[in-house]
Asker: 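Would you mind keeping the following structure in view while I ask a few things?
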Amino acid sequence: MKVLVIYYSMYGHIHRMAQAIAEGVNGVPGAEAVLRRVPETLPKEVLEKMGALDAQQAMAAIPEATVDELASADAVIFGTPTRFGNMCGQMRQFLDATGQLWAKGSLVGKVGSVFASSNTQHGGQESTILSFHITLLHQGFVIVGLPYTFQGQMRTDEITGGSPYGASTIAGGSGERMPSENELDAARYQGRHVAAIAAKLTA
Ligand SMILES: Cc1cc2nc3c(=O)[nH]c(=O)nc-3n(C[C@H](O)[C@H](O)[C@H](O)COP(=O)(O)O)c2cc1C
């Protein structure tokens with residue numbers, strides 16, 4: 001069973017979460033996580049001005065996602081940083097190239113799930129995930145979130161991302177904070193949960 005983990009990450013926060021999602025997926029017997037980055041749309045000069053080149057270099061080994069491979073996946077878990085409360089443009093562009101798959105109904109019945117990151121605690125993680133779900137519903141995905149059986153989302157003793165909609169991380173005002181253990185646990189849980197449901201659907 002193939003679970004695609006498709007993401008965009010500018011500074012590495014979503015990349016780290018994607019690795020934890022993949023760990024969760026791979027913990028389910030018979031499931032294999034395949035990590036893919038959506039293609040960059042910004043010119044190198046812009047990335048340089050945004051201070052993203054080192055992080056981009058560190059993620060260079062992850063192959064680029066192609067639209068075609070979506071059709072062969074049993075489940076797809078999408079990761080995106082927040083951009084003004086929505087998914088990033090790179091992800092939007094990738095999804096906007098899936099019209100052929102929509103026309104053929106190729107993604108109908110697959111499990112779809114979303115994780116996110118933002119700089120600030122209330123800067124749009126939930127709106128990013130929920131608005132992403134709209135596209136998944138148009139494509140016929142069966143949406144899976146992060147149920148409250150992941151108890152780590154009840155915590156108030158430390159700052160943490162994560163909601164019933166999906167795992168998330170708070171990167172800090174200037175991106176100085178990497179995902180906490182609790183946020184990574186949420187990501188692992190989501191990966192496991194998606195793979196377990198996909199296994200039942202494909203049985
Ligand atoms: C154009 C732009 C818009 C952003 N909008 C928001 C926002 O609405 N709320 C927020 O908390 N962070 C916002 N951010 C911060 C990013 O979400 C943050 O850099 C990202 O989550 C870090 O994850 P990454 O390292 O995987 O890219 C924005 C960043 C950029 C460049």
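Each ligand, and each atom within it, is numbered from 1 in the order the structure gives.
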Asker: Would you please write out the protein residues whose heavy atoms approach any atom of ligand 1 to under 4.0 angstrom, listed by chain and number?
Answerer: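 Near ligand 1, by chain and number: Ser9, Met10, Tyr11, Gly12, His13, Ile14, Met50, Pro81, Thr82, Arg83, Phe84, Gly85, Ser117, Ser118, Asn119, Thr120, Gly123.
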Asker: Should the pair Glu183-Arg155 be classified as a salt bridge under the 4.0 Å nitrogen-to-oxygen rule?
Answerer: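 No.
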Asker: Any donor and acceptor pair, going by atom type alone, linking the side chain of His15 with main-chain N or O of Gln56 inside 3.5 Å?
Answerer: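 No, the answer is negative, given that no donor and acceptor are paired below the 3.5 Å cut-off.
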Asker: Establish, from distance only, whether the side-chain atoms of Ser113 and Gln190 form a donor-acceptor pair under 3.5 Å.
Answerer: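 There is such a pair between these side chains.
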Asker: With no hydrogens and no angle check, is any side-chain donor or acceptor of Ser127 less than 3.5 Å from a backbone partner on Gly85?
Answerer: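 Flag set: sc Ser127 to bb Gly85 pair under 3.5 Å.
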Asker: Compare all side-chain heavy atoms of Gln90 with those of Leu42 and state whether any distance is below 4.5 angstrom.
Answerer: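 Yes; the side chains approach each other to less than 4.5 Å.
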Asker: Among Leu35, Val34, Val194, Ile77, exactly one meets side chain to side chain contact (heavy atoms under 4.5 Å, CB included) together with Val25. Which residue is that?
Answerer: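 Of the listed residues Leu35, Val34, Val194, Ile77, the side chain to side chain contact (heavy atoms under 4.5 Å, CB included) partner of Val25 is Ile77.
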